Amino acid sequence: MKAIVAPQPDGAEELAVVERPVPRVGAGEVLIQVAAAGVNRPDILQRRGLYPPPPGAPDILGLEIAGTVVEAGEGAGDLIGKKVCALVAGGGYAEYCVAPAGTCFVVPEALSLAEAAAMPETLFTVWVNLFERGYAAEGDTVLVHGGTSGIGTMAIALGKLFNLKVIVTCGSDEKCARALELGAAAAINYRTQDFAAEVKSFTGGRGVAVVLDMVGGDYLPRNLASLSEEGRHVSIAFQRGAKGEVLLPDVMRRRLTLTGSTLRPRSVEFKTMVADEITRTVWPYVEGGRLKPVIDSIFPLDRAAEAHARMEAGDHVGKIVLDVAN
């Protein structure tokens with residue numbers, strides 16, 4: 001099969017199309033003939049040599065896929081022949097990929113396979129971090145950075161379904177306008193506005209219940225200033241640095257919670273548990289056509305480098321997808 005790997009043995013970041021054996025399935029796994037694969041920021045970090053795959057994962061890039069199950073291991077035979085999308089620990093940028101049966105969702109008629117491939121990574125990430133770790137509940141106001149990213153657009157969409165007011169930050173007035181069109185309660189241009197001050201203004205001085213942060217660094221104190229009493233700060237990345245300043249008396253006085261998580265290294269058992277929750281609580285909206293990803297662009301598999309360049313340029317709104325079947 002054709003697959004895409006990086007970095008190269010000599011350390012070069014360039015994406016290379018290589019020939020690899022079709023992977024073998026084990027118990028509880030399925031082999032998917034991949035139609036489409038989502039592109040995510042961890043793929044770019046892996047390409048740069050900054051985010052190695054966890055033990056046991058292939059060096060092939062790609063964390064989410066959609067396609068048809070063509071083979072199944074013990075205990076997963078009920079998925080043979082079905083169109084599914086799946087969260088994987090690697091291997092998605094390829095013509096075939098093995099996935100745990102527990103992280104697969106059957107793709108409904110309401111979704112194309114390209115749309116389905118753009119769902120698992122952001123859906124898992126937002127569900128785990130905003131709703132489970134952040135305890136976002138009906139009526140809450142939350143702040144999400146990167147409002148037009150895949151995660152940001154998914155947070156807006158889930159916020160609409162679960163009655164959250166989602167404030168986002170974006171890097172341009174055009175992106176802010178797009179976020180508002182998608183359903184954000186407010187959109188703040190972080191290049192021209194003080195987002196902490198704007199959050200306080202929007203909430204009448206109360207602040208937000210949850211901040212979902214992928215920025216880190218000098219955003220941390222401003223994020224904490226944006227929280228209400230009993231507020232929760234959830235870190236999922238640190239694009240502006242792994243260190244930030246925290247005033248402990250403020251955390252104590254306002255009873256703030258600082259938490260965070262990473263998804264890729266978690267066990268299959270944990271991801272299966274999350275998939276079960278999503279199947280019960282969110283997937284019915286997908287089946288009914290009420291939840292779809294925002295698709296920015298679709299590139300053929302052999303133009304994956306252009307897809308990465310699109311993401312790194314920061315001009316995209318929503319998800320970037322690779323068309324593997326064609």
Side-chain angles (χ1 to χ4, degrees), residues 1-8 11-20 32-53 57-67 85-97 99 107 111-126 146-154 157 170-172 174-175 178 182 214 236-237 239 263-264 292-326:
M1 68 175 186
K2 291 181 180 179
I4 291 185
V5 297
Q8 299 307 303
E13 290 182 15
E14 284 79 15
L15 298 177
V17 179
V18 298
E19 293 284 335
R20 286 287 174 86
I32 298 170
Q33 185 174 8
V34 179
V39 176
N40 294 282
R41 196 158 294 276
D43 303 340
I44 290 171
L45 295 177
Q46 183 172 333
R47 190 200 77 218
R48 294 175 177 171
L50 301 175
Y51 191 34
D59 62 343
I60 300 167
L61 299 175
L63 303 177
E64 57 184 351
I65 54 172
C85 60
L87 183 75
V88 294
Y93 291 17
E95 293 178 311
Y96 292 88
C97 181
V107 177
L111 280 187
S112 69
L113 287 175
E115 289 172 326
M119 294 283 285
E121 176 72 13
T122 55
L123 187 51
F124 271 77
T125 299
V126 174
T148 53
S149 67
I151 286 172
T153 53
M154 179 59 73
C170 306
S172 69
E174 292 76 17
K175 283 192 170 187
R178 187 75 177 100
L182 293 172
M214 70 251 330
I236 58 172
Q239 294 175 16
L263 179 61
R264 190 179 188 186
K292 289 188 175 186
V294 177
I295 301 295
D296 174 83
S297 49
I298 299 176
F299 294 84
L301 180 65
D302 60 4
R303 289 171 54 195
E306 294 176 48
H308 278 217
R310 172 78 179 161
M311 177 167 281
E312 289 178 286
D315 296 327
H316 63 290
V317 175
K319 292 286 296 197
I320 300 169
V321 175
L322 296 178
D323 181 347
V324 180
N326 300 307

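Since the model is a prediction, treat every value here as computed from it, not as a measurement.
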Interatomic spacing from [atom1] in [X] to [atom2] in [Y] - rounded to 0.5 Å:
X	Y	atom1	atom2	answer
Ile236	Thr125	CD1	OG1	6.0 Å
Ile44	Glu13	CD1	CD	10.0 Å
Met214	Ser149	CE	OG	4.5 Å
Tyr51	Leu45	OH	CG	8.0 Å
Ser112	Ile298	OG	CD1	6.5 Å
Glu121	Ile151	CD	CD1	7.0 Å

Q: Test Val17 against Leu301 for side chain to side chain contact (heavy atoms under 4.5 Å, CB included), laying out the working first.
A: CA-CA 9 Å; Val17 179; Leu301 180 65; 5.9 Å; no

Q: Dump the intermediate steps for side chain to side chain contact (heavy atoms under 4.5 Å, CB included) on Met119 and Glu64, then the final yes or no.
A: CA-CA 8 Å; Met119 294 283 285; Glu64 57 184 351; 5.6 Å; no

Q. Between Gln239 and Arg41, is a side chain to side chain contact (heavy atoms under 4.5 Å, CB included) present by the stated rule, with each step listed?
A. CA-CA 10 Å; Gln239 294 175 16; Arg41 196 158 294 276; 3.4 Å; yes

Within the distance-only criterion (no hydrogens, no angle test), does the side chain of [X] pair as donor or acceptor with the backbone N or O of [Y] below 3.5 angstrom?
X	Y	value
Glu174	Gly171	no
Arg264	Ala89	yes
Asp296	Val317	yes
Glu95	Met1	no

[X] to [Y] - nearest heavy-atom pair and separation:
X	Y	result
Gly150	Lys319	CA-CD, 3.8 Å
Leu263	Phe124	CD2-CB, 3.6 Å
Leu61	Asp43	CD2-O, 3.9 Å
Glu14	Gln8	O-NE2, 3.1 Å
Ile60	Ala3	CD1-CB, 3.7 Å
Pro293	Leu111	CD-CD2, 4.2 Å

Q: Check whether any side-chain heavy atom of Asp59 lies under 4.5 Å from a side-chain heavy atom of Arg20, and answer yes or no.
A: yes

(Q) Does Met154 form a side chain to side chain contact (heavy atoms under 4.5 Å, CB included) with Val294? I'd like the steps, not just the answer. (A) CA-CA 8 Å; Met154 179 59 73; Val294 177; over 6 Å; no

